[in-house]
K.L.:
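Sharing a structure below in structure tokens format, with a few things to ask.
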Amino acid sequence: MGVQTSGSYTIILRMETGPNVPFIHIANAIHETGGEIVAVDNVNRSKNATIRDITVNVSNAENEASLIKNVTKVPGIKIINFSDRTFLMHLGGKLEVHSKVPIKNRDDLSHVYTPGVARVCMALHEDPAKAYSLTIKRNTVAVVSDGTAVLGLGDIGPIAAMPVMEGKAMLFKEMAGIDSFPICLDTKDTEEIIRIVKAIAPAFGGINLEDISSPRCFEIEERLKQELDIPVFHDDQHGTAVVMLAGLINALKLVGKKLTDIKVVFSGIGAAGVACTKMLMAAGVTHIIGASRSVGIVRRGETYSNPMFQWYAEHTNPDNISGTLADAMQDADVFIGLSGPGVIGVEDLKKMAKDPIVFAMANPTPEILPEIAEPYVRVMATGRSDYPNQLNNVLCFPGIFRGALDCQATTINEEMKLAAAYAIASTVEDDELSEQYIIPSVFNSRVVEAVRKKVTQAAVETGVARKIPHEFA
Ligand SMILES: NC(=O)C1=CN([C@@H]2O[C@H](COP(=O)(O)OP(=O)(O)OC[C@H]3O[C@@H](n4cnc5c(N)ncnc54)[C@H](O)[C@@H]3O)[C@@H](O)[C@H]2O)C=CC1
Ligand SMILES: CC(=O)C(=O)O
Ligand SMILES: [Mg+2]
């Protein structure tokens, strides 16, 4: 009892029960160990036995083990097998490629492949710009990672990064109809990553860099932006920043404060923390303090080996305070966590200014859990889908790339990002806005369309669109 279950850890117990075993005995055994029954399917019923699949949310592996042990003790039941729903959904990977044109006979073959394909190749040789109409480039994005900063799990390597990149590719397709390939590179070398991404770029209309640790991610993205003529977008930086700003715009409406007046404290000065800081500065926030696990509050007068910390020290912390994250929390209006699990506690929240706003965005485990923070804060948001107010870059990257691809943008610039943030924020109407609803659901179908439209408009207005869609002509 009292165990926090997680929608992302679901097991299915297939069990056989004798004729006189009341279901309540099984339900109690599950409930006693903190499991939450979400579905019961009768698979087979005969005079002597019933076979059921019971789907249960558990909190973690230990909880799963103790639950199974407890259920096994119920007289008259036999567990046939149990499976983890998350792993079942990953069997064989989560993606496959489909062809758009059937190949039923030699004639079809001669058009889609040799000899017919050769004429198309030569047309592209003469005019490479036709790639947008004659190849998959028009609608295809590479999701590129080196596996060094996967969610908040850290440097777990390119193979272990694949499920996240496959997941991003699924989201591109499901949310915005964009085809994408997960590409996990077995190198951490900045120059080599730049070289490889440049080499694969001809097939793609955009590059989504993902989960590449800082500070290498800054140089990789900057160089690729300069050297390629397609959008290069480090999602952990800019997707996160766009969504964070959207959430903050709406949260501030609730508490009646202005961007220009607030004090914001960051935990985590990595890819996401730096980009969110820059986005807030661009939106008018002047009082920002950042703290990192390794050096505490970043301040002028110190020398940091990480060049981004040096930049941070020069551009934030107007009163140049020193100390730890806990010291920075005094009178903060907003806390933004882009670091790791459990870095703040209730004592830190109590120091914040009136109507605290807490965005604990570390994945999969936030800087503070909502059930602990909620009594002490006015607005609480996390990056997770199993709590209200999900601040996750999935609200941004499908729509921003849809908008960029539709106008064949050469880049995704600051104006396009700001347009995306305000578009996301505007999908929550004023009469819908509440502490539990500052940001639209990931499944709100209006989000991608709103972002697409505003992003394309911003691209056209700032002169980075190669094609002007009819609605903006
Ligand atoms: N909700 C969302 O949409 C997003 C959330 N994130 C989360 O933000 C976090 C950071 O991601 P990136 O900036 O891409 O990584 P990064 O590797 O570039 O930076 C991580 C930063 O957090 C600090 N940090 C890491 N673990 C920590 C811990 N346990 N305690 C204190 N500080 C810690 C590091 O010192 C570094 O400053 C991750 O948890 C990630 O899941 C990142 C992108 C999007
Ligand atoms: C959501 C995401 O991109 C991350 O946590 O890294
Ligand atoms: Mg990421």
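Just so you know, ligand 1 is whichever comes first in the structure, and atom 1 is the first atom listed for that ligand.
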K.L.:
Side-chain donor-acceptor pair under 3.5 Å between Arg216 and Thr148, yes or no?
P.N.:
yes
K.L.:
Please identify which atoms of ligand 1 are closer than 4.0 Å to at least one heavy atom of Met361.
P.N.:
1 (N), 5 (C), 6 (N), 7 (C)
K.L.:
How about NZ on Lys263, more than 12 heavy atoms from neighbouring residues, nucleotides or ligands closer than 6.0 Å, or not?
P.N.:
yes
K.L.:
Looking only at protein heavy atoms, identify the closest one to atom 5 (O) of ligand 2 and say how far it is in Å.
P.N.:
Asn363 ND2, 2.9 Å
K.L.:
Which residues satisfy the ring-ring contact (aromatic ring centres under 6.0 Å, His included) test with Phe401, sequence neighbours excluded?
P.N.:
Phe172, Phe233
K.L.:
Does Lys351 NZ have over 12 foreign heavy atoms under 6.0 Å away?
P.N.:
yes
K.L.:
For the atom pair CE (Met170) and CE (Met89), what is the distance rounded to the nearest 0.5 Å?
P.N.:
6.5 Å
K.L.:
Using a heavy-atom cut-off of under 4.0 Å, does the side chain or the backbone of Asn363 touch ligand 1, or both, or neither?
P.N.:
both
K.L.:
Output yes when the distance from some N or O of ligand 2 to some N or O of Asp235 is under 3.5 Å, and no in every other case.
P.N.:
no
K.L.:
Is there at least one pair of N or O atoms, one from Gly152 and one from ligand 1, spaced under 3.5 Å apart?
P.N.:
yes
K.L.:
May I ask you to check whether Asp179 and Thr140 show a side-chain donor-acceptor distance below 3.5 Å?
P.N.:
no
K.L.:
Provide the number and element of each atom of ligand 1 under 4.0 Å from a heavy atom of Gly268.
P.N.:
22 (O), 37 (O)
K.L.:
Are any of the N or O atoms of Ala271 closer than 3.5 Å to those of ligand 1?
P.N.:
yes
K.L.:
Which of the atoms in ligand 1, numbered in the order shown and given with their element, are less than 4.0 Å from a heavy-atom of Ala149?
P.N.:
17 (O)
K.L.:
For ligand 1, does Val343 get within less than 4.0 Å through its side chain, its backbone, both, or neither, judged by non-hydrogen atoms?
P.N.:
side chain
K.L.:
Check each atom of ligand 1 against the heavy atoms of Leu151 and keep those under 4.0 Å away; list them by number with element.
P.N.:
38 (C), 40 (C), 41 (O)
K.L.:
Pair Arg300, Glu314 - check salt bridge (Lys or Arg N to Asp or Glu O under 4.0 Å), show working.
P.N.:
CA-CA 6 Å; Arg300 286 183 302 290; Glu314 280 154 27; over 6 Å; no
K.L.:
Could I get the full list of side chain to side chain donor-acceptor pair (under 3.5 Å) partners for Glu461, not counting sequence neighbours?
P.N.:
Gln457
K.L.:
Please say whether Ser292 places an N or O atom under 3.5 Å from an N or O atom belonging to ligand 1.
P.N.:
no
K.L.:
Going by heavy-atom distance to atom 6 (O) of ligand 2, choose the closest among Asp236, Val394, Thr240.
P.N.:
Asp236
K.L.:
Taking Asn393 as the fixed residue, which of His238, Gln237, Lys168 is the one that meets the side chain to side chain donor-acceptor pair (under 3.5 Å) rule?
P.N.:
Lys168
K.L.:
If we count only N and O atoms by modelled type, under 3.5 Å, do the side chains of Arg85 and Asn57 hold a donor and an acceptor together?
P.N.:
no
K.L.:
With distance as the sole criterion, is a donor-acceptor pair present between the side chains of Tyr9 and Thr86 under 3.5 Å?
P.N.:
no
K.L.:
For atom 28 (C) of ligand 1, what is the closest protein heavy atom, and at what distance to 0.1 Å?
P.N.:
Arg293 NH1, 3.4 Å
K.L.:
As an exercise, identify every atom of ligand 1 less than 4.0 angstrom from a heavy atom of Ile269.
P.N.:
37 (O)
K.L.:
Under 6.0 Å from the CG atom of Asp319, do we count more than 12 heavy atoms belonging to anything else shown?
P.N.:
yes
K.L.:
Side chain, backbone, both or neither: which applies to Val394 and ligand 1 if a contact is any heavy-atom pair less than 4.0 Å apart?
P.N.:
neither
K.L.:
Taking only protein atoms, how many N, O or S atoms are found under 2.8 Å from the Mg ion (ligand 3)?
P.N.:
3
K.L.:
Kindly write out the residues that satisfy side chain to side chain donor-acceptor pair (under 3.5 Å) with Ser267, not counting sequence neighbours, or none if the list is empty.
P.N.:
Ser339
K.L.:
Need the ligand 1 atom indices (1-based, order shown) with element for anything under 4.0 Å from a heavy-atom of Thr240.
P.N.:
4 (C), 43 (C), 44 (C)
K.L.:
Return yes or no for this condition: an N or O of Gly383 is under 3.5 Å from an N or O of ligand 1.
P.N.:
no
K.L.:
Counting only heavy atoms closer than 4.0 Å, does ligand 1 sit against the backbone of Ser214, its side chain, both, or neither?
P.N.:
both
K.L.:
His234 and Leu209: which non-hydrogen atoms are nearest, and at how many Å?
P.N.:
CD2-O, 3.2 Å
K.L.:
Determine, considering heavy atoms only, which of Ala362, Ala272, Ser294, Cys217 sits nearest to atom 13 (O) of ligand 1.
P.N.:
Ala272
K.L.:
So for atom OH, which belongs to Tyr304, do other residues, nucleotides or ligands contribute more than 12 heavy atoms lying within a distance under 6.0 Å?
P.N.:
yes
K.L.:
Could you tell me which atoms of ligand 1, counted from 1 in the order shown, lie closer than 4.0 angstrom to a heavy atom of Leu391?
P.N.:
1 (N), 2 (C), 3 (O)
